[in-house]
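Here's the structure, in structure tokens; my notes come after.
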Amino acid sequence: MSAIDPLTELEDVRGDGWLFETMRENLASGSLGLGFIYSTLERLAERHGLHDAILVLHDETLGAQSFRLHQLSVARSLLGQLGGESGLHCQPDSVPAIESDAVQTVCQLALSLHVARFGAAHDPLTNISNRRSFDEALRIAAARSARYGWAFSLVILDLDDFKAVNDRAGHEFGDYVLRQFGFALRHALRHGDTAARLGGDEFAVILSNAEGTEAVGFVDRLRTHLKATGDLVDFTMGTATSPRDSTDPAELVRIADARLYERKGIRIL
Amino acid sequence: MISSTEEDFELELRSLPGVLNVAVGHDERGDIDTVTLVVYGPNAPETHAVAHQIANLYFPGAEIVVEDANQAVRPVESLGRVQLVRAEFDAARGHCEVELQHRGRNGVGTVVSGALIGGASATLAALADLGYEVPFTLQSVTGVSVIRDWPVIVVLRPLGEGPDRYGVARSDDEFAAAAKATLDALNRYLLTRS
């Protein structure tokens with residue numbers, strides 16, 4: 001039985017009781033993302049006996065996005081009827097407008113949170129980790145290495161003559177090369193490894209459970225994938241291994257950088 | 001609940017230009033085996049290629065299907081939604097007038113009442129002027145004015161069997177909010193009959 005809202009003296013048709021509980025459960029497990037939107041649609045369907053529900057949301061980054069009950073694809077003909085109009089479209093159309101409005105609002109929040117969380121940790125061009133999340137991953141790996149002796153390798157990679165690529169073929173092609181390199185990097189990783197774009201044409205990788213020799217296998221895999229994407233660019237790299245070289249993150253970066261520049265034939269003063 | 005890896009995978013696909021919808025299918029072991037993208041825009045083939053690359057990173061072997069929505073999506077104007085053109089309330093005389101527009105036609109409803117009931121009743125009268133037979137009666141109009149920006153809530157009861165319809169809207173004044181809330185309660189009903 002629905003409760004009476006003391007404020008409006010209406011039945012609690014807004015449904016924010018169950019929505020609030022659903023949000024709290026998901027926040028507690030740290031999972032207020034796209035999964036929340038689907039689970040909200042499923043709970044809404046249970047409450048109202050819906051056999052179909054499509055939620056159309058607008059996001060600044062993604063544009064119009066539709067979510068359908070049970071992750072079913074939205075057929076083209078159906079999209080034509082909806083026309084990308086924001087809101088909850090359901091069959092049968094029996095969800096009170098207030099509850100529909102509340103569902104739309106909290107799901108919009110969930111989508112925005114997920115986009116913001118993903119964006120805060122990833123480089124938008126290559127979709128690998130950004131500098132900030134890499135620094136955090138390196139700090140954690142180094143702390144574990146210092147405490148438990150777990151070995152890992154830090155690899156820093158720099159694209160060769162990337163400035164010339166940009167100058168000759170333009171920045172758009174330069175971005176394409178960076179994206180392809182990012183894809184190749186992700187392909188070359190093993191489970192538990194981390195890749196990041198540190199900025200410009202500089203990338204870094206943490207190879208977990210690696211004592212130095214694993215870097216050879218990683219480079220072989222990376223070259224294979226670069227070849228598959230057209231061999232657009234070559235790279236130079238430097239490595240440092242923890243705990244052998246150091247367990248201090250900044251020192252590991254300095255050592256790997258020095259080895260990288262040595263290979264490039266640049267002396268650091 | 002889908003895993004965080006699946007969520008990031010789906011979000012990455014949704015961030016491709018023109019992607020309106022992503023649906024994933026699972027095999028009997030629960031692994032993702034198909035991914036369907038509905039794409040609107042000029043780059044469906046390119047989106048297909050990039051989606052393949054992304055899927056290879058997360059779920060190698062998943063089949064990628066791209067549905068091109070270019071032919072299907074119609075502009076919002078042709079949807080047949082009833083729009084509020086004007087809502088005027090004369091507090092001294094209790095004169096309420098609402099003008100609505102639907103597919104280029106205008107309808108005007110006039111009643112004498114207070115702002116809340118008047119906003120809803122004049123909207124129902126304007127719908128009748130547009131030729132709609134609206135099988136609902138006005139049950140209540142509530143404005144919670146003690147809270148700033150709190151919306152007006154309209155409850156409509158069907159003449160026959162069926163659940164009540166609820167509409168909610170905010171506006172600069174209660175009269176316009178009541179008119180908008182009435183449309184909010186009815187627009188989806190009207191869409192199915194336009």
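Every chain is numbered from 1 and lettered A, B, ... according to where its sequence line falls, protein lines coming before strand lines.
Looking at heavy atoms from C-beta onward, A:Gln180 lies in side-chain contact with B:Gln53 at the 4.5 angstrom threshold. B:Ile54 has its side chain within reach of A:Phe183: a pair of non-hydrogen atoms, C-beta onward, lies under 4.5 Å apart.
The neighbour count for A:Asn209 CG, taken as heavy atoms of other residues, nucleotides or ligands under 6.0 Å away, does not exceed 12. Atom CZ of A:Phe118 is surrounded by more than 12 heavy atoms from other residues, nucleotides or ligands within 6.0 Å. Atom CZ of B:Arg86 has more than 12 heavy atoms from other residues, nucleotides or ligands within 6.0 Å.
If you tally non-hydrogen atom pairs under 4.5 Å between each of B:Asn56, B:Thr36, B:Leu57 and chain A, the highest count goes to B:Leu57.
Each of A:His114, A:Gln65, A:Arg117 was evaluated against B:Leu11; a single residue qualifies, A:His114, per the side-chain contact (heavy atoms from CB on, under 4.5 Å) test.
Between B:Arg14 and A:Leu62, the shortest heavy-atom distance links the atoms O-CD2, 3.7 Å.
Neither the backbone nor the side chain of B:Val154 comes within contact range of chain A, judged by heavy atoms closer than 4.5 Å.
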* Apply side-chain hydrogen bond (donor to acceptor under 3.5 Å, both in side chains) to B:Glu7 and A:Tyr38, showing your working. => CA-CA 11 Å; B:Glu7 287 193 61; A:Tyr38 291 114; over 6 Å; no

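Within the model, atoms CG of B:Asp184 and CG of A:Asp101 stand 7.0 Å from one another, a figure rounded to the nearest 0.5 Å.
The pair B:Arg165-A:Glu99 fails the salt-bridge criterion, with no side-chain N (NZ, NE, NH1 or NH2) lying under 4.0 Å from an Asp/Glu carboxylate O.
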